[in-house]
Amino acid sequence: MRRRRVPLPQPDMNLTNLMDVVLCILVVFMITAPLMTQGVKVELPKTDAPAVDEKKSVTVSFDARRRVFVDGEETSDEEFPGAFARAWGGDESKAVLIEGDRAVPYGMVLETVGEIRKAGATRIGFLTEPPQAGK
């Protein structure tokens with residue numbers, strides 16, 4: 001008698017479930033990544049200016065409620081000189097970038113710039129946003 005050969009099962013990977021999981025994870029990261037950015041909400045004035053290297057700098061920010069931040073940490077007027085000195089560290093090659101909401105009075109910004117100059121910083125820049133095309 002002749003034996004019948006039983007066909008061996010063909011191994012086959014079903015990637016549909018794996019692709020579903022990967023796409024779901026990708027969607028979750030795409031939604032949550034913008035929410036994880038930290039910083040001070042500031043509406044910058046718009047102007048044409050070259051970009052500034054922010055890697056070696058200290059950022060002083062003013063929000064619409066006239067609060068002052070040094071590298072993202074809120075400080076009071078009394079604490080500002082000490083907080084700025086710690087962040088700047090006396091390194092004259094570090095730039096100081098000032099970003100102020102357009103609702104902040106000009107005098108408040110200039111008083112803070114005066115404190116920064118008293119600390120010895122000479123490389124001071126003001127951050128702006130480029131104007132919209134067609135405006």
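Every value quoted in this text rests on a predicted model; they were computed, and no experiment measured them. The first residue in the sequence is number 1, and the count goes up from there.
To the nearest 0.5 Å, atoms CZ (Phe80) and CD (Glu111) are separated by 11.5 Å. Once rounded to the nearest 0.5 Å, the distance linking CD1 of Ile25 with CG of Asp20 reads 11.0 Å. Rounding to the nearest 0.5 Å gives a distance of 7.0 Å between CG of Asp101 and CG of Asp63. Considering CD of Glu73 and CD of Glu79, their distance stands at 10.5 Å, rounded to 0.5 Å. The distance from the CG atom of Leu127 to the OG1 atom of Thr59 is 6.5 Å, given to the nearest 0.5 Å. Atom CD1 of Ile116 sits about 12.0 Å away from atom OG1 of Thr122, to the nearest 0.5 Å.
Residue Val60 forms a side chain to side chain contact (heavy atoms under 4.5 Å, CB included) with just one option from Thr75, Asp71, Val96, and that option is Val96.
Of all heavy-atom pairs between Ser57 and Lys94, the closest is N-CG, 4.5 Å. Closest non-hydrogen pair, Val58 versus Ala87, comes out as CG2-O, 3.6 Å. The nearest pair of heavy atoms linking Val104 to Phe62 is CG2-CB, 3.7 Å. Across all non-hydrogen atoms, the minimal contact from Val68 to Met108 is CG2-CE, 3.9 Å. The two residues Val113 and Ile98 have their closest heavy-atom pair at CG2-CD1, 3.7 Å. Contact between Ala119 and Trp88 at its shortest, heavy atoms only, is O-CZ3, 3.3 Å.
At a threshold of 4.5 Å between side-chain heavy atoms, the hydrophobic network of Ile, Leu, Val, Met, Phe, Trp and Tyr places Val21 and Phe29 in one connected group.
Side chains of Arg66 and Pro105 form a contact here, defined as non-hydrogen atoms less than 4.5 Å apart.
For residues 118-127, every residue pair satisfying the salt bridge (Lys or Arg N to Asp or Glu O under 4.0 Å) rule, not counting sequence neighbours, is listed here: Glu115-Lys118.
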Candidate pair Phe84 and Thr112, rule side chain to side chain contact (heavy atoms under 4.5 Å, CB included), full reasoning: CA-CA 10 Å; Phe84 174 75; Thr112 306; over 6 Å; no

